[in-house]
Structures are given as C-alpha cells and as structure tokens.
Amino acid sequence: MKYTEEHEWLRVDGDLVVVGISEHAAEQLGDVVFVELPELETQVARGDEICVIESVKAASDILAPLDGEIVEVNDALIDNPSLVNADATGDAWFFKMKIDDMGALDEFMTEDEYKDFIS
C-alpha cells in the first residue's frame with residue numbers, strides 16, 4: 001500500500017486503485033457516524049474534495065489522491081459507517097478509481113515512510 005500526507009491509503013487492485021483512510025486517521029476522527037461517497041463515473045482531479053466523513057468529533061473531507069474516474073464505491077459504509085473504525089485498511093475502503101497514470105503512485109509514501117510521518 002501507499003499513503004498520502006492526507007492519511008489516505010492506496011492499494012492497486014488490477015488496473016484500479018482502491019482508496020481508504022489510514023488507521024491513524026480513523027483513530028483521530030473517533031467514532032465515524034456518516035460517510036458521503038462520490039458518484040460513480042465522476043471524473044476527478046488530484047486534490048478534489050470527493051467524500052465527506054463525519055464523526056462524533058469532526059467532519060473531514062477525503063481528497064482525490066490522483067486524476068481519474070470513480071468506478072466503484074463501498075455502499076456498505078453508508079449503512080455502517082463504523083466500519084471505518086473497525087477495519088480502516090480492509091473492509092472500509094471508500095472508492096475504487098481508474099487512474100490516468102499508474103506511475104504516479106511512486107510519489108506516495110510506503111508504509112514505513114508513513115509510520116515515520118505520523119510519529
């Protein structure tokens with residue numbers, strides 16, 4: 001997995017990139033009570049605000065980590081937003097996207113680099 005400075009994780013799944021938030025981010029948010037997901041087939045540019053997460057502590061935006069198209073969303077989060085707290089790097093992925101340039105993933109942090117970043 002790769003990580004962004006905005007505490008998102010990115011995992012390659014075939015020709016798609018799966019995006020979620022890190023366990024660190026989920027812990028900082030506290031109990032997640034609402035998730036708003038992007039629309040399918042939305043073209044996004046890196047840095048676009050595309051998801052909203054609300055917790056008992058705060059509301060946060062998830063930014064598009066890369067240019068591309070949203071091709072799948074995790075509808076399970078709508079009915080059960082607490083999945084984010086229970087399994088941030090597993091079942092609680094937010095969306096899958098087809099990105100314009102897979103090579104762009106090289107600029108993100110590895111897990112070890114991310115651990116150094118948050119410590």
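Positions are given from 1, in the same order as the sequence printed here. Basis for what follows: all heavy atoms, side chains included, without hydrogens, waters or symmetry-related copies.
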Undergrad: If you measure from CH2 on Trp93 to CG on Asp13, what distance do you get to the nearest 0.5 Å?
TA: 9.5 Å
Undergrad: Yes or no on side-chain contact (heavy atoms from CB on, under 4.5 Å) for Glu5 and Met109, after CA distance, side-chain angles and deciding distance?
TA: CA-CA 8 Å; Glu5 290 184 359; Met109 293 179 272; 3.9 Å; yes
Undergrad: Once rounded to the nearest 0.5 Å, what's the spacing between atom CD1 of Ile70 and atom CE of Met97?
TA: 5.0 Å
Undergrad: Determine yes or no for a side-chain-to-main-chain donor-acceptor pair under 3.5 angstrom, with Ser55 supplying the side chain and Leu29 the backbone.
TA: yes
Undergrad: Is there a side-chain contact between Lys2 and Thr110 in this structure, where contact means two heavy atoms from C-beta onward sitting under 4.5 Å apart?
TA: yes
Undergrad: If I take atom OG1 from residue Thr4 and atom CZ from residue Phe117, how far apart are they, to the nearest 0.5 angstrom?
TA: 8.0 Å
Undergrad: Would you say Ile53 ends up clustered with Val73 if hydrophobic residues are merged whenever their side chains have heavy atoms under 4.5 Å apart, either directly or through other cluster members?
TA: yes
Undergrad: Any chance you could measure Lys57, atom NZ, to Asp31, atom CG, to the nearest 0.5 Å?
TA: 8.5 Å
Undergrad: CD/Glu69 to CD/Glu41 distance, rounded to the nearest 0.5 angstrom?
TA: 6.0 Å
Undergrad: According to a 4.5 Å side-chain heavy-atom criterion applied to Ile, Leu, Val, Met, Phe, Trp and Tyr, with indirect links allowed, do Met102 and Leu16 form part of one hydrophobic cluster?
TA: no
Undergrad: Strictly distance-based, threshold 3.5 Å: is any side-chain N or O of Asp48 a donor or acceptor partner for the main-chain N or O of Ala45?
TA: yes
Undergrad: Is it possible for you to say whether Val84 and Phe95 belong to one hydrophobic cluster, with membership spreading through side-chain heavy-atom contacts below 4.5 Å?
TA: yes
Undergrad: With no hydrogens and no angle check, do the side chains of Asn80 and Ser82 hold a donor and an acceptor under 3.5 Å apart?
TA: yes
Undergrad: Do any N or O atoms from the side chain of Asp87 and from the backbone of Asp91 form a donor-acceptor pair under 3.5 angstrom?
TA: yes
Undergrad: For Leu105 and Val12, what are the C-alpha separation, side-chain angles and deciding distance, and is it a side-chain contact (heavy atoms from CB on, under 4.5 Å)?
TA: CA-CA 9 Å; Leu105 289 167; Val12 175; 3.4 Å; yes
Undergrad: Does the distance from a Lys or Arg side-chain N to an Asp or Glu carboxylate O, for Arg46 and Glu8, drop under 4.0 Å?
TA: no
Undergrad: What heavy-atom pair brings Lys98 and Asp15 nearest, and what distance separates the two atoms?
TA: CE-OD2, 3.6 Å
Undergrad: Can a donor-acceptor pair be found, under 3.5 Å and without considering hydrogens, that links the side chain of Asn85 to the backbone of Glu27?
TA: no
Undergrad: Hydrophobic clusters here meaning ILVMFWY residues chained together by side-chain heavy-atom distances under 4.5 Å, can you tell me if Ile50 and Leu37 are in one?
TA: yes
Undergrad: Kindly indicate whether the side chain of Val44, heavy atoms from C-beta on, has any atom under 4.5 Å from the side chain of Asp67.
TA: no
Undergrad: For Gly20 and Phe94, work out which heavy atoms get closest and say how close.
TA: CA-CD1, 3.6 Å
Undergrad: For a quick test of reading the model, state the closest non-hydrogen atom pair linking Phe108 to Pro65 and the distance between them.
TA: CZ-O, 3.4 Å
Undergrad: Any donor-acceptor pair under 3.5 Å linking the side chain of Trp9 with the backbone of Ile21?
TA: yes
Undergrad: For Tyr114 and His7, test the side chains for any donor-to-acceptor distance below 3.5 angstrom and give the result as yes or no.
TA: yes
Undergrad: So how far is it from Leu77 CG to Glu36 CD, rounded to the nearest 0.5 Å?
TA: 12.5 Å
Undergrad: Search all heavy atoms of Leu10 against all heavy atoms of Val19 and return the closest pair with its distance.
TA: CD2-CG2, 3.7 Å
Undergrad: Would you say the side-chain atoms of Asp61 pair up with the backbone N or O of Leu63, donor to acceptor, closer than 3.5 Å?
TA: no
Undergrad: Could you go through Val71 and Leu40, starting from their C-alpha distance and side-chain angles, then the distance that decides it, and tell me whether this counts as side-chain contact (heavy atoms from CB on, under 4.5 Å)?
TA: CA-CA 6 Å; Val71 296; Leu40 289 178; 5.8 Å; no
Undergrad: Could you go step by step and tell me if Met1 and Thr89 meet the side-chain contact (heavy atoms from CB on, under 4.5 Å) rule?
TA: CA-CA 10 Å; Met1 286 202 291; Thr89 58; 4.0 Å; yes
Undergrad: Considering residues, nucleotides and ligands other than Glu39, do more than 12 of their heavy atoms fall under 6.0 Å from its CD?
TA: no
